[in-house]
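Everything below concerns the one structure shown next.
The sequence lines fix the lettering, A, B, ..., with proteins before strands; numbering per chain opens at 1. For clarity, every value in this text was computed on a predicted model and none was experimentally measured.
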Amino acid sequence: MELSFTRRVVEILNRIPEGQVTSYGIVAGMAGNPRAARQVVRVLHSSSKKYNLPWHRVISSRGYIAIKDPAGFEEQKALLAAEGVFADEEGKVKIEGFWIGYDD
DNA sequence: CAGCTGACTTGGG
DNA sequence: GCCCAAGCCAGCT
């Protein structure tokens, strides 16, 4: 059956391996619509805590942390660092490439 | 029902 | 490679 786009995004987020990061657009693409990156953002806002999602493993396609709120920004950096993924003050994540869903 | 929103993406200069 | 402008989608008010 067809789950809503949002629901699928939740499923995908739960499958992102530790130490890996992906972009909003990629998640959107895996969920079925590459153009719905903004919708992915909504999911993180509405269901991140509710579903215990690894929202910190999702960054912008440029490889930067995209959070506006400074507190959340720092929090994401910390969470990523805990998994071995480091980012500098600019929020630029130092990683080779994005997770594209194969590992699972 | 129409409009707004948002932690984005891509293309062009 | 950096900055700016326009585009896009699904859920909410």
- Query: Between A:Glu83 and A:Arg57, is the closest basic N to carboxylate O distance under 4.0 Å?
  - Reply: yes
- C:dA10 phosphate, OP1 or OP2, under 4.0 Å from A:Thr6 side-chain N/O: no
- Scan A:Ser4 against the nucleic acid and name what it touches under 4.0 Å (heavy atoms): base, sugar-phosphate only, or nothing. sugar-phosphate
- Query: How does protein reach along nucleotides 4-13 of chain B, written 5' to 3' as B (base within reach of a heavy atom under 4.0 Å), S (only sugar-phosphate), or - (no contact)?
  - Reply: -BBBBSBB--
- Message: With a 4.5 Å cut-off on side-chain heavy-atom distances among I, L, V, M, F, W and Y, is there a chain of contacts connecting A:Leu80 to A:Phe86?
- Response: no
- Query: Charged N to carboxylate O under 4.0 angstrom, A:Arg8 versus A:Glu11?
  - Reply: no
- Query: A:Thr22 side chain to A:Trp99 main-chain N or O, any donor-acceptor pair under 3.5 Å?
  - Reply: yes
- Between A:Tyr64 and A:Ser46, the residue closer to the 5' end of DNA chain C by nearest nucleotide is A:Tyr64
- Item | A:Phe73 vs A:Glu89 side-chain heavy atoms within contact, under 4.5 Å | no
- Query: Hey, is the side chain of A:Asn33 poking within less than 4.0 Å of OP1 or OP2 on C:dA10, counting only N and O atoms?
  - Reply: yes
- Query: Hey, are the side chains of A:Tyr64 and A:Asp88 touching, using non-hydrogen atoms and a 4.5 Å cut-off?
  - Reply: no
